[in-house]
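Everything numeric in this text was worked out from a predicted model, so none of it was measured. Numbers here simply count residues along the sequence, with the first being 1.
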Amino acid sequence: MDVNGSVILPVVAAGVYREELAQAVLSFKKHGQGQLESVLSKALGRAIQGAAGTMQGFCLIPVPTTTSAFRKRGFSPVHLMLRNLARNGGLGAGTLACALRKGRAAAPRQWAAGDLRERIRAVMPTPAMAGGQKGLGRGARVKRVRGSMRAGALFAPAIRGRSCIIVDDVLTTGATLAEAARAVHQAGGVVVGAVVLAATRPPDAPIQLAPAAPQRGGTPDSEKNKRRKGE
């Protein structure tokens, strides 16, 4: 993933966002299936171990959820999974640092007199805005999240000069992770990578899955993992 056109941020995903994993993530985030927290946390923990390797003393920084999403769900999925791992010793040599928060809104635009059309466009949400970032391309997502995060004053000294791994639930275009990396870097943290629970499959960059040995009396795992027609 390209951050600010200059830094390549390595991202480790626990799995591909499709089929059972996609259903589990949606059920956990949007349909109140709290019993999925344990299994999803373990998957996220394995991805963290893969990203960290032998690194010591690093910080795990969750991407903050939006205020509206928190009000609707009553929890932040990423923070919940990381705290579950922390309780059970699943963070390895890392420490949880909830260093990021949503930044203040940008200053209001100064409109020219009589510019009624622009005013209407500014206050009327588009269908994509009403549904969050879903359906937006990379460019639109980058513009939407730019400047939306910052490090809290309490945690900024704690991450300064330390290796930091950013954690989110689903990777799509990478715009959210790029904004989180910018905010951590601005606070003095050294961003060494990111971890997500699931990553979508870019149409021009299929994710390679390791082949598995055929199973007796059933369909080989490699056949199950092939992308279905029309998926």
So CD of Gln33 and CG of Leu40: to nearest 0.5 Å the spacing works out to 11.0 Å
Closest non-hydrogen atoms of Ala14 and Ala43, given as atom of the first, atom of the second and distance, are CB-O, 3.5 Å
Residues at least two apart in sequence or cross-chain that pass side chain to side chain donor-acceptor pair (under 3.5 Å) with Gln49, listed by chain then number, are none
In this structure, CD1 of Ile166 is separated from CG of Leu100 (nearest 0.5 Å) by 6.5 Å
### Task
Determine whether more than 12 heavy atoms belonging to other residues, nucleotides or ligands lie under 6.0 Å from atom NE2 of His79.
yes
Answer yes or no: is there a donor N or O on one side and an acceptor on the other, between the side chain of Arg101 and the main chain of Arg150, under 3.5 Å?
-> no
In short, salt bridge (Lys or Arg N to Asp or Glu O under 4.0 Å) pairs touching residues 61-82 with sequence neighbours left out are none
Only residue of Val195, Ile61, Leu91 satisfying side chain to side chain contact (heavy atoms under 4.5 Å, CB included) with Leu82 is Leu91
Scanning both residues in full, the closest heavy-atom pair of Ala47 with Val12 reads O-CG1, 3.6 Å
Between the CE atom in Met81 and the CG atom in Asp169, the distance rounded to the nearest 0.5 Å is 6.0 Å
The complete set of ring pair (Phe, Tyr, Trp, His ring centres under 6.0 Å) pairs with one or both residues in residues 28-75, sequence neighbours excluded, reads Phe28-Phe75
Audit row: Glu37, Gln35, side chain to side chain donor-acceptor pair (under 3.5 Å) steps and yes/no: CA-CA 5 Å; Glu37 177 189 343; Gln35 69 273 19; over 6 Å; no
Rounded to the nearest 0.5 angstrom, the CG-OG distance for Leu36 and Ser27 is 6.0 Å
Just do the side chain to side chain contact (heavy atoms under 4.5 Å, CB included) check on Ile165 and Met55 with the steps written out, would you?
-> CA-CA 11 Å; Ile165 295 178; Met55 185 167 48; 3.7 Å; yes
Chi angles and distances behind the side chain to side chain contact (heavy atoms under 4.5 Å, CB included) call for Thr176, Asp168: CA-CA 9 Å; Thr176 300; Asp168 203 1; 3.8 Å; yes
Is there a donor-acceptor contact under 3.5 Å from the side chain of Ser76 to the main chain of Pro64?
no
Distance col, row Ser41:OG vs Leu80:CG, nearest 0.5 angstrom, shows 7.0 Å
inquiry  = Quick one, Cys98 with Leu96, criterion side chain to side chain contact (heavy atoms under 4.5 Å, CB included). Give me CA distance, side-chain angles, the key distance, then yes/no.
reply    = CA-CA 6 Å; Cys98 302; Leu96 177 58; 4.1 Å; yes
Problem set entry | From CA spacing to verdict: side chain to side chain contact (heavy atoms under 4.5 Å, CB included), Leu171, Thr200 | CA-CA 6 Å; Leu171 169 67; Thr200 58; 5.8 Å; no
Smallest heavy-atom separation, Cys59 atom then Ala97 atom, equals CB-CB, 4.3 Å
d(Leu197 CG, Leu21 CG) to nearest 0.5 Å is 5.5 Å
The side chain to side chain contact (heavy atoms under 4.5 Å, CB included) partner of Val63 among Val78, Val167, Leu177 is Leu177
Measure from the side-chain N and O atoms of Arg182 to the backbone N and O of Met149, and report whether any donor-acceptor pair falls under 3.5 Å.
yes
Nearest heavy-atom approach of Ala181 to Val191 is O-CG2, 3.8 Å
